[in-house]
Amino acid sequence: ETSGVANLYLARARRDMGLYSEALASYRVAADRAVASTIREAAMYEQVLLMRSRASGSFGQEVRLCEEFLNTFAQSTHREAMEHFLIESYYRSPDYLTSLASIGRIQRPSPVIVEAQCYLLNQLTQQAQQSGDLALAQRYNQQAQQLGTPSAHQTEAELLGAQLLSQQGAYRQAAQALTAILNKRTASSKQLQIARYLLGYSQIKQQQYSAATQTLSILLQEGALENTLQADVYARLGDAHYMQGHYTPAVRYYEEAYRLAPDNQGYALYMLSDIEGLKKDYKAQIAALDKLVARHPNSLYKPRAMYDQGRAMELSGQHADAIGAFTRLTQEYPQSEYGRKAALQLALLYYNRNETSRAIETYKALLAEAPQSGEAKQAYEALKSIYIEEGRSTEFVQYANSIGGSYAINESEAMSISFETAERAYQSRQPQAERLLKEYLALNPQGASSLLAHYYLANIYDRAGK
């Protein structure tokens with residue numbers, strides 16, 4: 001005990017002399033478990049104070065000391081200060097899991113510690129949400145809501161829970177959760193605004209457009225909205241009218257959304273272009289999409305906007321311009337959904353212009369880029385049709401087998417394609433019909449369609465007077 005007292009006074013003397021490393025060493029000796037509790041309590045508390053004032057300890061060291069202090073000296077007059085130090089460390093550290101584990105080691109966490117626990121779980125929920133792991137986000141959120149702490153963090157957990165329900169398509173349950181938040185007296189004005197906005201969104205998703213318009217209009221009437229949120233509210237009001245085919249008010253709301261937050265409302269600008277397309281004013285649609293692509297080059301809507309540009313050009317008869325637009329999109333976003341859709345449209349334009357070889361080349365490029373996509377399967381069927389139409393079934397079978405996988409063609413299917421090619425040539429009275437029918441019969445003289453092939457040949461010979 002004498003040694004503990006001596007080391008405590010030595011630590012204080014060294015601290016006052018500016019010998020901070022030596023002081024911390026003395027405090028550690030004085031805080032040994034063999035030392036009397038009153039000396040140890042003072043040593044641990046003063047050690048944390050010195051570490052904080054000099055920033056000389058790591059996050060882990062400081063937190064461990066605070067944990068041990070709270071578990072050992074539950075009735076200490078320094079407990080509240082040590083809790084404050086610990087909570088401050090939790091809020092300061094980006095390592096939320098480590099902080100959460102620390103709280104788990106505290107034997108009797110006070111309400112302020114539980115409040116911090118709720119904060120940490122909310123942060124982990126958002127991290128999982130942003131990474132797309134909704135199941136993990138749900139687990140963290142359920143833990144946060146089960147804490148039941150009457151605080152802003154608890155309301156935040158309830159808001160996050162409603163967002164997760166919306167993300168999973170459970171809009172009715174989300175609306176119920178949000179209505180409960182709106183009836184809470186503990187929610188802050190900002191939280192109430194977000195809850196009302198999310199309620200309006202969930203009502204739109206449930207096709208409750210009148211209710212959504214009323215909910216969002218109340219939010220605007222309450223005023224004092226942050227600029228970005230206000231713009232989002234106008235955009236959702238635009239959505240509510242757009243979904244009902246009320247394009248005039250929808251345009252008004254989308255324009256206001258874009259005016260308020262032009263840097264964040266590429267969506268509103270896209271919807272304005274979409275309405276022009278629905279009105280078949282393709283010139284205005286192309287102009288709006290040009291504006292979107294120019295002003296929002298990194299927008300998530302850019303590939304879709306570029307695709308719509310090409311479609312608007314195509315529908316207005318500007319086929320050469322459409323080919324240019326689709327080509328740029330396939331080059332800039334080859335692996336995106338709209339890049340693949342552009343490839344399909346590009347190939348079709350080439351085909352309709354009798355540039356069959358370029359159509360084939362475009363379809364094959366799409367199959368090579370994303371062979372398992374839905375668009376690739378459409379490209380495969382289109383290629384098959386072109387090859388059959390041109391009497392090149394053998395070449396198509398060789399190509400399909402070179403791709404392999406689900407596109408590989410077995411012998412039976414190859415025979416079927418061979419006959420279909422010959423039959424189509426016969427029906428359209430192509431000069432190559434006789435050759436194709438003979439090739440089919442040579443490969444499959446006893447096949448399911450051999451009698452029909454002989455019949456077609458007989459008709460060809462009869463027409464030719466043979």
Steps toward side chain to side chain contact (heavy atoms under 4.5 Å, CB included) verdict (Thr362, Leu344): CA-CA 8 Å; Thr362 304; Leu344 288 175; over 6 Å; no

Short side-chain to backbone donor-acceptor contact, Ser93 and Ser89, under 3.5 Å: no

Side-chain donor-acceptor contact under 3.5 Å, Glu41 with Ser76: yes

Sequence neighbours excluded, every pair satisfying side-chain hydrogen bond (donor to acceptor under 3.5 Å, both in side chains) that has a member inside residues 122-131: Gln129-Gln167

N/O donor-acceptor pair under 3.5 Å between Asn141 side chain and Ala157 backbone: yes

Aromatic ring pairing Phe396/Tyr387, orientation class (parallel under 30°, perpendicular over 60°, tilted between): tilted

Test item: Ser26 side-chain N/O and Glu22 main-chain N/O as donor-acceptor pair under 3.5 Å: yes

Side-chain donor/acceptor of Gln191 to backbone N/O of Ser188, under 3.5 Å: yes

Candidates His78, Arg79, Arg40 - the one meeting side-chain contact (heavy atoms from CB on, under 4.5 Å) with Phe73: Arg40

Arg105 side chain vs Glu67 backbone, donor-acceptor pair below 3.5 Å: no

Minimum side-chain heavy-atom gap Phe326-Leu349 below 4.5 Å: yes

Side-chain donor/acceptor of Asp239 to backbone N/O of Ile204, under 3.5 Å: no

Lys364 to Tyr399, cation-pi by 6.0 Å centre distance and 45° axis angle: yes

